[in-house]
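Just so you know, these numbers come straight off a predicted model, no measurement behind them. Just so it is clear, the values below take in all heavy atoms, side chains as well, and ignore hydrogens, waters and symmetry mates.
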Amino acid sequence: LDPPYGIKFGSNWQVSTRKRDVKDGSADHLTRQPEQVKAFRDTWQLGIHSYLSYLRDRLLVAKELLTESGSCFVQISDENVHLVRCLMDEVFGSENFVSQIFFQTTSGFETNTLATLGDYILWYGKDTSTLKVRKLYQEQLPIPGEGNARWVLLPDGTYRGVTAAEKRGETAIPPGARLYKPGDLQSQGAAKEPQPFKHEGKVYNPSKTNHWKANYPDGMNRLAEKGRIHIASNSIQYRRFADDFPFQERGNTWTDTLTGSFTEDKMYVVMTNTKVIERCVLLCTDPGDLVLDPTCGSGTTAFVAEQWGRRWITIDTSRIALNIAKTRLTTAAFPYYHLHSDVDVRTEVKDGKIKKSIAEKKNTVSDVRQGFVYEEVPHITLKSLANDELPTTET
């Protein structure tokens with residue numbers, strides 16, 4: 001739901017498909033469509049109380065319509081986010097709160113206090129114990145001197161810390177070198193028996209209250225064979241290379257959603273960036289699932305759902321919004337995706353890299369519920385190396 005934010009009279013309503021500008025309180029920008037006048041009256045006649053009653057009615061219905069694993073996202077600004085969160089606590093139960101997401105909409109503007117840089121999305125589940133969640137990842141390029149890129153392993157096997165010049169970008173990392181960060185190789189809990197480990201002519205022991213993370217001795221030997229052991233002054237550590245998993249899980253602060261030259265032009269006065277709704281849909285649905293948006297606007301939710309193979313229903317009280325949405329959806333062009341029902345996929349891991357080959361099936365009936373063929377990346381971990389297992393994969 002992207003409802004009116006409950007802060008102004010006319011800022012959330014567009015009166016023409018050709019004119020997007022709306023001035024708050026301007027009589028010229030108020031049409032006499034009965035559904036729009038009714039929406040104004042019901043929402044603001046009694047101030048914030050009327051607004052919250054309007055929103056509560058819709059949230060109650062939304063909860064009833066949700067499947068047990070379903071999610072409800074409500075977009076709101078900072079003026080009323082606290083009130084809407086309390087309202088959603090009442091409707092869904094505070095125990096079903098999932099996250100409060102901030103997404104940036106502007107780089108800032110002149111103000112007497114602090115500039116407002118974005119809006120919020122409140123995420124609640126119908127029942128968090130059965131909630132469907134599909135985590136999202138973003139590529140994380142290594143930055144010399146930060147994160148998992150603080151040390152350099154050179155091709156000749158020697159290693160050193162990242163230099164100040166390399167941190168500043170004045171000097172390039174030597175060709176063939178790998179960036180890494182030393183990590184703890186011990187876990188809490190004393191071993192039943194001593195675990196002396198000999199590495200490069202010296203014997204190392206875990207502390208009295210700890211044990212080696214890798215199976216002893218086979219797992220530790222495998223780590224040594226794979227060049228994964230970093231020698232500190234009086235101890236050994238695990239080498240976690242920056243390219244073991246060059247991605248990070250996306251959190252609840254989205255700063256790459258600015259409205260501007262890198263996003264589509266607005267067709268509707270309060271149109272939300274497609275990227276924002278896309279992430280919400282991908283976070284909690286699979287292809288073939290049903291998405292409902294009772295505050296249609298320009299139809300961004302339906303547009304995103306259609307692109308990603310989700311079924312959708314969208315509703316609005318304004319004929320202007322519905323006409324814009326219809327035009328947008330009937331003239332849209334979407335990327336092409338392979339469906340698992342239509343192709344045979346062969347996956348192999350070679351030299352730590354995942355390679356896929358796709359062959360079209362004959363005489364198939366496309367079934368979007370079987371999902372798309374996703375790109376996968378290996379996630380190399382200490383456990384997979386120590387146990388000589390294939391790396392896990394993330395889509």
- prompt: By ring-ring contact (aromatic ring centres under 6.0 Å, His included), which residues pair with Phe241, not counting sequence neighbours?
  reply: Tyr180
message: A side-chain contact here means heavy atoms from C-beta on lying under 4.5 Å apart; do Asp2 and Ile277 qualify?
response: no
query: Got a sec: does the CD of Glu389 have more than 12 other heavy atoms crowding it under 6.0 Å?
result: yes
field: Pair Ser341-Arg369, side-chain hydrogen bond (donor to acceptor under 3.5 Å, both in side chains): steps then yes or no
entry: CA-CA 9 Å; Ser341 62; Arg369 288 183 178 276; over 6 Å; no
- prompt: Val91, Tyr54: one ILVMFWY side-chain cluster at the under-4.5 Å cut-off?
  reply: yes
- request: Return the minimal non-hydrogen interatomic distance between Cys284 and Phe73, and the atom names on each side.
  value: SG-CE1, 3.4 Å
message: Could you walk me through whether Tyr124 and Asp89 satisfy the side-chain hydrogen bond (donor to acceptor under 3.5 Å, both in side chains) test, starting with their C-alpha distance in whole Å, then the side-chain angles of each, then the deciding distance to 0.1 Å, before giving a yes or no?
response: CA-CA 9 Å; Tyr124 280 74; Asp89 279 345; 2.6 Å; yes
task: Please report the C-alpha distance between Asp289 and Arg311 in whole Å, then the side-chain angles of each, then the deciding distance to 0.1 Å, and finally whether the salt bridge (charged side-chain N to carboxylate O under 4.0 Å, His left out) criterion is met.
output: CA-CA 6 Å; Asp289 286 350; Arg311 296 173 297 141; 5.9 Å; no
message: Between Cys296 and Leu322, is the side-chain contact (heavy atoms from CB on, under 4.5 Å) condition met? List the steps.
response: CA-CA 7 Å; Cys296 172; Leu322 291 176; 4.3 Å; yes
query: Does the separation of the ring centres of Tyr159 and His230 fall below 6.0 angstrom?
result: yes
field: Steps toward side-chain contact (heavy atoms from CB on, under 4.5 Å) verdict (Leu290, Ile313)
entry: CA-CA 8 Å; Leu290 180 61; Ile313 300 172; 4.1 Å; yes
query: What do the steps show when you test Asn148 against Asp244 for side-chain hydrogen bond (donor to acceptor under 3.5 Å, both in side chains), and what is the final call?
result: CA-CA 9 Å; Asn148 290 338; Asp244 281 350; over 6 Å; no
task: Give me the ring orientation class for Phe197 and His199: parallel if the planes are under 30° apart, tilted from 30 to 60°, perpendicular past 60°.
output: parallel
message: Just checking Glu193: does its CD atom have more than 12 heavy atoms from other residues, nucleotides or ligands closer to it than 6.0 angstrom?
response: no
message: Using a 6.0 Å cut-off, check whether atom CG of Asp344 has over 12 heavy atoms from anything other than its own residue.
response: yes
message: Please check if the number of heavy atoms outside Glu360 that lie under 6.0 Å from its CD is greater than 12.
response: yes
task: Answer yes if the ring centres of Tyr337 and Phe372 are under 6.0 angstrom apart, and no otherwise.
output: yes
message: Go through it in stages, so that I can follow the logic: the residues are Ser318 and Asp316, the test is side-chain hydrogen bond (donor to acceptor under 3.5 Å, both in side chains), and I'd like the CA-CA distance, side-chain angles, deciding distance and then a yes or no.
response: CA-CA 6 Å; Ser318 168; Asp316 205 288; 4.7 Å; no
- prompt: With a cut-off of under 6.0 Å to the ring centre and 45° to the axis, is Arg250 in cation-pi contact with Tyr137?
  reply: no
message: Heavy-atom count check: over 12 atoms from other residues, nucleotides or ligands less than 6.0 Å from Arg160 CZ?
response: yes
task: Take Cys280 and Ile121 through the test side-chain contact (heavy atoms from CB on, under 4.5 Å) and record every step on the way to the result.
output: CA-CA 9 Å; Cys280 294; Ile121 294 175; 3.7 Å; yes
- request: Using a cut-off of 6.0 Å, state whether more than 12 heavy atoms not belonging to Lys198 lie near its atom NZ.
  value: no
field: Phe303/Phe334 aromatic ring centres below 6.0 Å
entry: yes
message: Between Thr301 and Thr314, does the side-chain contact (heavy atoms from CB on, under 4.5 Å) criterion hold? Intermediate values first, please.
response: CA-CA 8 Å; Thr301 301; Thr314 189; 5.7 Å; no
message: Looking at Trp151, I'd like to know if the NZ or CZ of Arg239 sits under 6.0 Å from its six-membered ring centre while staying within 45 degrees of the ring's axis.
response: no
